[in-house]
Amino acid sequence: MLVLLVHDPDSGRFSAAAAAGLSEEAARTAFLPRGSQLVKWLKVNETELVVSGRRGGADFLPAGETAVLRRLGIGTCFPLSSMNRLIGILMAGGEGERGRLTREETSFISLLLPQAGIALENAILLKEQRERLRRMSRADRLATVGELAAGAAHEIRNPLTAVRSSLQYLESKVADETSKTLLAAAVRETTRINEIVSALLAFSRPAEIVRERLDLREILAESLDLVAYQASRRTIAVVRDFPGPLPVLGDGAQLKQLFLNLLLNAVEAMPSGGTLRVEGRREATEAILASVIDTGEGIPDDRLDRIFDPFFTTKPNGTGLGLSICDHIVKTHDGDIEVKSKEGRGTAILVRLPPALETDRP
Ligand code: ADP
Ligand code: MG
């Protein structure tokens, strides 16, 4: 019988991640709590602990821990470490005499432990990395939606306060019970609304951006690479026209998000093909100008001033947030964004960013 316990950083305990020769029920209850003596011993001694039989002796363990080991029929516990950290415990045992490992079996397992430790560490790192990525993209989404929600929240608060104090005033004035009850319920609902609004406000944070000296050509090229597949599927020809260096001071991740949103809109505007042109140059004013130009459906004049509104979309599955995010990113970079479009002919989105100066550190 073998049980592998793995360290859970959240709870601090070691619990069963895999078991062989053990009922599912028993495996579920196989864990060692935070601060376990057995865990401490394995950490310090970095070698196996024989908990049963003549050779062994785990008298120093508290009764609770020996009871768990006895119930599971554990004979020997092996530490699994990686980079001097105890990350898992391999427990071996079984019924009666046969539960005890022979000297050969023990040294054989000990021989494999370092490799097993590394494999386990890799598995844990991979899991953590996936979790981190998942959380990160969610945080990005929340930050943007939160910002919009925060604007709405402020708008809601003032009238809500007025409504609430009026209701409270009426509640103190009316005589009949039914009206009193109804008004009290209405006051409670305003409290609820206020709580929801506060929760939305919690999402909003001042936009923090990292400013580094970047060559916008790299940002443009990387964003283009990301849409290359979608473009080729729609037989869209891609033209890259940004020959000279385009030094800007900005946040690489945000600028990439900006151009990715613009490129996706351009691709989506050309369902049956066309040309996607990306130009970059230094203007006479020294400003860095990058343009995303498509030969797609274009934008009717009367729609032009709404496309930057949050949630404005003409697509069945659109979010309408793409361009409002772009607008926000450009503003935090002290730049501006301009749209030129002809219905049925195409659209050009021009982004201007201040140039990085020679004195700006890389
Ligand atoms: P979404 O892409 O989710 O619709 P956006 O904010 O990216 O939201 O864009 C809002 C709207 O602006 C789009 O639904 C579309 O009507 C219009 N639009 C944006 N870019 C283009 C473009 N390159 N060509 C035509 N219309 C566009
Ligand atoms: Mg979009």
Side-chain angles (χ1 to χ4, degrees), residues 137-152 203-204 207 216 219-242 250-281 289-333 335-353:
S137 55
R138 212 181 112 238
D140 278 357
R141 276 205 305 277
L142 285 182
T144 331
V145 173
E147 207 176 271
L148 303 170
F203 282 134
S204 67
L216 200 64
I219 306 276
L220 296 175
E222 281 170 31
S223 315
L224 272 166
D225 289 343
L226 291 174
V227 298
Y229 174 67
Q230 270 121 309
S232 73
R233 263 191 17 186
R234 295 172 196 229
T235 60
I236 294 171
V238 177
V239 181
R240 300 174 182 225
D241 183 8
F242 35 90
D251 184 314
Q254 288 204 6
L255 291 175
K256 216 154 112 180
Q257 168 95 63
L258 160 68
F259 287 102
L260 188 61
N261 286 355
L262 297 179
L263 292 171
L264 283 173
N265 278 347
V267 168
E268 285 162 1
M270 300 185 281
S272 43
T275 303
L276 168 62
R277 216 183 147 76
V278 177
E279 290 180 11
R281 62 187 163 86
L289 171 67
S291 315
V292 176
I293 305 158
D294 67 64
T295 57
E297 60 204 25
I299 306 168
D301 280 349
D302 60 354
R303 203 185 278 162
L304 270 178
D305 52 4
R306 292 163 67 200
I307 58 169
F308 288 99
D309 291 353
F311 305 111
F312 176 80
T313 180
T314 54
K315 300 166 194 169
N317 294 313
T319 61
L321 289 174
L323 284 178
S324 62
I325 293 171
C326 291
D327 187 45
H328 176 73
I329 294 174
V330 171
K331 281 196 182 120
T332 52
H333 283 82
D336 69 66
I337 187 166
E338 186 189 343
V339 185
K340 291 182 180 168
S341 189
K342 272 227 159 61
E343 201 178 354
R345 301 281 292 279
T347 304
I349 312 265
L350 286 68
V351 173
R352 281 188 189 81
L353 296 169

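Both counts, for ligands and for their atoms, begin at 1 and track the order of listing.
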**Message:** Any carboxylate oxygen within less than 4.0 angstrom of a Lys/Arg side-chain nitrogen, looking at E338 and R352?
**Reply:** yes
**Prompt:** Would you call K340 and D301 a salt bridge, using N to O less than 4.0 angstrom?
**Reply:** no
**Item:** Atoms of ligand 1, numbered as shown, that sit under 4.0 Å from any heavy atom of I299
**Value:** 25 (C), 26 (N), 27 (C)
**Per-atom contacts, ligand 1 versus G298 - under 4.0 Å to a heavy atom** = 25 (C)
**Item:** Rounded distance (nearest 0.5 Å) linking atom CG of L289 with atom CG of L353
**Value:** 9.0 Å
Nearest to [atom], what protein heavy atom do you find, and at what distance?
| atom | value |
| --- | --- |
| atom 4 (O) of ligand 1 | T313 OG1, 2.6 Å |
| atom 11 (C) of ligand 1 | F312 O, 4.0 Å |
| atom 17 (C) of ligand 1 | I307 CG2, 3.9 Å |
| atom 8 (O) of ligand 1 | G320 CA, 3.2 Å |
| atom 23 (N) of ligand 1 | D294 OD2, 2.9 Å |
| atom 7 (O) of ligand 1 | N265 ND2, 2.8 Å |
| atom 2 (O) of ligand 1 | K315 NZ, 2.7 Å |
| atom 9 (O) of ligand 1 | L323 CD1, 3.7 Å |

Purely on distance, is any nitrogen or oxygen of [X] under 3.5 Å from one on ligand 1?
| X | value |
| --- | --- |
| T314 | yes |
| A269 | no |
| E297 | no |
| S324 | no |

Contact between [X] and [Y] at the side-chain level, heavy atoms closer than 4.5 Å - yes or no?
| X | Y | answer |
| --- | --- | --- |
| I349 | I293 | no |
| Q254 | I329 | yes |
| R240 | L220 | no |
| H333 | D251 | yes |
| L216 | F242 | no |

**Request:** Please determine if the Mg ion (ligand 2) has an N/O/S atom from T313 lying under 2.8 Å away.
**Result:** no
**Request:** Report the C-alpha separation of L262 and C326 in whole Å, then their side-chain angles, then the decisive distance to 0.1 Å, and conclude whether the side chain to side chain contact (heavy atoms under 4.5 Å, CB included) test is met.
**Result:** CA-CA 8 Å; L262 297 179; C326 291; 3.9 Å; yes
**Item:** Flag if over 12 foreign heavy atoms under 6.0 Å of CZ, R345
**Value:** no
**Prompt:** What part of N261, side chain from CB on, backbone N/CA/C/O, both or neither, has a heavy atom under 4.0 Å from ligand 1?
**Reply:** neither
